[in-house]
Amino acid sequence: TIRDAHPAVIAIQEAFLDQLTYLDEQLNAFTKIGQHRSGNSKGEFSGLLIDTRKLEILEQGQLWLSETPEEISIGWDAALPRTATWAKVRAVGTSSPSFILFSTHFDHQGKEARIESAKLICNKANELSEGNIPVAIMGDFNCSDGSAPYKVFTGSGFTTARTCKDCGTFHEFTGREDVPKIDFIWLNDKWKGIHAETLRPRKNGKCASDHDPVVATLEPKVPSGTIGMADR
């Protein structure tokens with residue numbers, strides 16, 4: 001599924017070290033950005049995999065989604081530690097302007113945590129970009145269209161790469177399409193969308209994941225080339 005999509009960057013969620021080791025063996029052009037949620041390689045990973053043949057990594061960082069984002073922590077009413085990983089990148093072999101990529105996974109239980117996590121990430125995105133360069137925030141947000149966290153993003157000037165009623169993502173390995181849409185690629189107004197879709201990878205009746213991935217092909221409004229992104 002990943003090879004067929006040819007992404008320059010993958011926002012991945014719920015990955016354990018053995019799974020990431022396998023992906024590294026199969027997709028060795030990708031560099032892992034970020035720590036696992038309990039620090040270093042402990043627990044689930046919800047960071048970025050970046051194809052360094054296509055993108056040069058200029059800066060990187062990580063937040064824990066909490067009142068103390070610089071340290072391993074659980075925020076607000078969340079059940080688990082949650083993180084957001086970011087990287088500032090630009091197209092390889094160019095001096096073109098940079099852009100910023102985020103990967104995150106919001107808590108599945110904490111309603112306040114999801115709202116405050118959205119605020120934290122939007123503020124960080126604005127700080128890093130200074131409102132001048134493209135930002136993409138990808139992940140499993142554990143919330144649907146019109147929810148309070150969703151409105152934090154739209155109120156901060158972000159729009160989703162894919163908007164439709166029939167593009168649910170969380171099917172719990174059933175393969176159904178009439179399911180909640182909780183995975184998004186959020187974009188600020190510095191992007192031009194080329195194409196976006198929800199993939200439905202199936203093989204012999206089996207699904208590649210319990211979520212179907214959202215993918216987008218985007219072009220920064222400043223001239224730095226076309227970029228392929230995938231969440232999941």
Side-chain angles (χ1 to χ4, degrees), residues 1-2 5 7 9-28 30-51 57 60-87 101-118 120-121 124-125 136-144 147 149 168-174 179-186 198-199 201 206-215 229-232:
T1 298
I2 293 170
V9 57
I10 306 166
I12 195 164
Q13 293 86 45
E14 300 186 15
F16 288 101
L17 183 60
D18 60 338
Q19 295 169 313
L20 290 166
T21 300
Y22 172 79
L23 288 177
D24 183 55
E25 292 169 352
Q26 301 297 316
L27 305 166
N28 52 29
F30 285 81
T31 293
K32 174 186 172 185
I33 302 294
Q35 298 183 56
H36 296 230
R37 69 184 181 196
S38 296
N40 297 319
S41 58
K42 298 177 182 178
E44 293 180 1
F45 176 77
S46 297
L48 293 161
L49 301 179
I50 294 177
D51 187 341
I57 301 166
Q60 59 181 282
Q62 184 158 343
L63 306 171
W64 271 262
L65 302 180
S66 76
E67 299 93 327
T68 54
E70 302 303 320
E71 59 187 56
I72 300 169
S73 50
I74 299 176
W76 303 286
D77 57 348
L80 297 165
R82 301 290 184 175
T83 66
T85 299
W86 62 267
L101 308 169
F102 278 84
S103 176
T104 192
H105 185 187
F106 283 10
D107 197 68
H108 64 303
Q109 291 186 5
K111 292 182 179 180
E112 181 186 6
R114 289 192 291 272
I115 295 170
E116 295 302 323
S117 295
L120 183 65
I121 290 176
K124 186 65 176 180
I137 304 170
M138 302 171 278
D140 173 355
F141 295 89
N142 271 311
C143 65
S144 56
S147 64
T169 58
F170 181 45
H171 56 75
E172 301 179 89
F173 289 108
T174 66
V179 293
K181 179 174 60 175
I182 62 174
D183 302 270
F184 298 95
I185 298 175
W186 289 102
T198 304
L199 302 181
K206 295 182 179 181
C207 307
S209 172
D210 58 337
H211 295 233
D212 281 336
V214 181
V215 298
M229 300 186 186
D231 169 64
R232 205 68 192 169

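Contact detail for C143 and S147: the closest heavy-atom pair is CB-OG, 3.3 Å. Looking at every heavy atom in both residues, C207 comes nearest to F173 through SG-O, 3.9 Å. Contact between G39 and I72 at its shortest, heavy atoms only, is CA-CD1, 3.5 Å. Of all heavy-atom pairs between I33 and F45, the closest is O-CZ, 3.3 Å. Contact record, S103 with Q13: OG-NE2, 3.6 Å, taken as the closest heavy-atom pair. Shortest non-hydrogen contact noted between E67 and I74 is OE1-O, 4.2 Å.
Here the side chain of T174 pairs no donor or acceptor atom with the backbone of E172 at under 3.5 angstrom. With hydrogens and angles ignored, the 3.5 Å screen pairs no side-chain donor or acceptor of T169 with any backbone N or O of H211. Remark: side-chain polar atoms of D183 are not paired, donor with acceptor, to backbone N or O of P213 under 3.5 angstrom. Looking only at distances, no side-chain donor or acceptor of W64 sits under 3.5 Å from a matching main-chain atom of S38.
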- [ ] For the pair L80 and H108, evaluate side chain to side chain contact (heavy atoms under 4.5 Å, CB included) and give the outcome as yes or no after the intermediate values.
- [x] CA-CA 9 Å; L80 297 165; H108 64 303; 3.9 Å; yes
Task: Derivation and outcome, side chain to side chain contact (heavy atoms under 4.5 Å, CB included), residues Q19 and E44 - done: CA-CA 10 Å; Q19 295 169 313; E44 293 180 1; over 6 Å; no
Open item on the list: Could you go through F170 and D210, starting from their C-alpha distance and side-chain angles, then the distance that decides it, and tell me whether this counts as side chain to side chain contact (heavy atoms under 4.5 Å, CB included)?
Closed with: CA-CA 6 Å; F170 181 45; D210 58 337; 3.9 Å; yes
TODO: Given side chain to side chain contact (heavy atoms under 4.5 Å, CB included), test R82 with W76 step by step and report yes or no.
DONE: CA-CA 11 Å; R82 301 290 184 175; W76 303 286; over 6 Å; no
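There is a side-chain donor-acceptor pair under 3.5 Å between H105 and D140.
To the nearest 0.5 Å, atom CD1 of residue I10 and atom CD1 of residue I2 are 4.0 Å apart. Between S66 atom OG and D107 atom CG the span is 12.0 Å, to the nearest 0.5 Å. Atoms OG and NE2, on S209 and H171 in that order, are 6.5 Å from each other to the nearest 0.5 Å. Rounded to the nearest 0.5 Å, atoms CG (L17) and NE2 (H36) are 5.5 Å apart. In this structure, CD1 on I121 lies 4.0 Å from CZ on F106, to the nearest 0.5 angstrom. Within the model, atoms CG of L23 and CG of L49 stand 6.5 Å from one another, a figure rounded to the nearest 0.5 Å.
Proximity of S117 to T104: side-chain heavy atoms (C-beta onward) are nowhere separated by under 4.5 Å.
Summarising the local packing, NZ of K32 is surrounded by more than 12 heavy atoms from other residues, nucleotides or ligands at distances under 6.0 Å. Annotation: N40, atom CG; neighbour count of heavy atoms from other residues, nucleotides and ligands within 6.0 Å does not exceed 12. For OH of Y22, the number of neighbouring non-hydrogen atoms (other residues, nucleotides, ligands) closer than 6.0 Å is 12 at most.
The residue from D212, V214, V215 that alone fulfils the side chain to side chain contact (heavy atoms under 4.5 Å, CB included) condition with L199 is V215.
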